[in-house]
Amino acid sequence: MPEMPEVEGLRAFLEGALVGRTATRAELAAFSALKTFATPLTALLGMEVDAVARHGKFLDLDIGGEHLIVHLARAGWLRWYDELPSRPARPGKGPLALRVGFDGPGFDLTEAGTQRKLAIYVVGSPDEVPGIATLGRDPLADDFTPDALAQVLVGSARTQIKGVLRDQRILAGIGNAYSDEILQRARLSPFKLAGSLSEAEASGLYEAIRAELSEAIERAVGRPPAELKDGKRTSMRVHGRKGESCPTCGTTIAEVSFADSFLNYCPGCQTGGKILADRRMSKLLK
């Protein structure tokens, strides 16, 4: 799933490539992906791209005052073309959801797999998108201080810290992969309750959040879209690394599987050597 760093990489790339260009094509191939109807996609045609923004994991193209907003969900992606294919997008069973052109260049929005979670909105204001209206704190904002994190932890005292990091209503932009990386860096069990963190643990978590996301964004910005996903995979220390050695302590990285997802952690760094129970087979260990 694209998370804050990858979406920020896309934002920076599109800002450089599209601001000042005019939208000339907007062809919907997956009708279920379009979540708004009051303003049609055709309203964007002939309008100039004024800005490209990010809200958590949402990508926002301001096109003549209207906002084309995209949430890539778990399996969505943006495929860039320096010269967009001349053939029009056709509805069908393939991965293509939307094709947008700007006087030559443009991009396709695609979604792999059978689940259809990618979401496209055309709105007058980003706040009209429900997921943006309810976003929590930006963990890289200047006003996200250690005290701000402390307030988050108190407000989510009985929630496991992995869940706090992933909840977009609490912190915007962190997903499954980067929450694993942050917790390994902070040396915290994913199942530790937010309200049980000591002052030192909370401070370490704050530093891990800021450092992990800042470093990932630095790696992502400047890369073309085609390189962002591989760049994310190769940078992971624990996520997706089950059975490999932890680069920090050498312990074998473990996994907890859920019905439709998984998490990875280092028993040596995070749980004092304890192996956490698989959710598919037993209750979650605290």
Side-chain angles (χ1 to χ4, degrees), residues 1-3 6-126 128-132 220 223-232:
M1 175 186 289
E3 300 177 36
E6 293 75 51
V7 178
E8 179 62 21
L10 289 174
R11 185 211 65 77
F13 177 86
L14 293 177
E15 180 180 63
L18 293 181
V19 168
R21 287 188 173 272
T22 299
T24 54
R25 297 171 63 181
E27 300 159 2
L28 187 65
F31 296 105
S32 63
L34 185 61
K35 307 302 181 184
T36 54
F37 305 99
T39 303
L41 282 164
T42 53
L44 306 175
L45 302 182
M47 308 299 288
E48 190 174 286
V49 179
D50 296 319
V52 185
R54 177 186 59 79
H55 315 280
K57 301 179 194 177
F58 290 84
L59 190 62
D60 174 6
L61 280 74
D62 181 343
I63 305 177
E66 299 291 343
H67 294 260
L68 175 63
I69 295 180
V70 177
H71 191 284
L72 294 167
R74 178 174 295 181
W77 196 240
L78 183 147
R79 180 187 298 156
W80 175 259
Y81 297 92
D82 290 330
E83 187 68 33
L84 200 65
S86 59
R87 63 185 183 279
R90 302 288 189 190
K93 296 181 180 180
L96 181 60
L98 177 69
R99 176 165 290 166
V100 187
F102 302 87
D103 281 329
F107 59 82
D108 286 346
L109 294 177
T110 63
E111 186 172 21
T114 57
Q115 294 187 350
R116 290 292 176 254
K117 301 290 186 180
L118 184 146
I120 301 164
Y121 307 83
V122 182
V123 292
S125 169
E128 295 176 42
V129 177
I132 293 178
R223 288 177 178 262
E227 296 180 7
L228 284 172
K229 288 194 287 186
D230 284 342
K232 175 181 179 179

Test side chain to side chain contact (heavy atoms under 4.5 Å, CB included) on L41 and L68 and set out the steps.
CA-CA 8 Å; L41 282 164; L68 175 63; 4.1 Å; yes
Give me the ring orientation class for F13 and W80: parallel if the planes are under 30° apart, tilted from 30 to 60°, perpendicular past 60°.
perpendicular
What are the two closest non-hydrogen atoms of [X] and [Y], and how far apart are they?
| X | Y | value |
| --- | --- | --- |
| R21 | D103 | NH1-O, 3.6 Å |
| Y81 | D108 | OH-OD2, 3.1 Å |
| D60 | H55 | OD2-NE2, 2.9 Å |
| S32 | R116 | OG-CB, 4.3 Å |
| F102 | I63 | CE2-CD1, 4.3 Å |
| E8 | R54 | OE1-NE, 2.9 Å |

Q115 atom CD: more than 12 heavy-atom contacts under 6.0 Å
no
For K117, does the NZ atom have more than 12 heavy-atom neighbours from other residues, nucleotides or ligands under 6.0 Å away?
no
Please check this pair: side chain of K232 against backbone of M1, looking for a donor-acceptor N/O pair closer than 3.5 Å.
yes
E27 side-chain N/O to A89 backbone N/O, donor-acceptor pair under 3.5 Å
yes
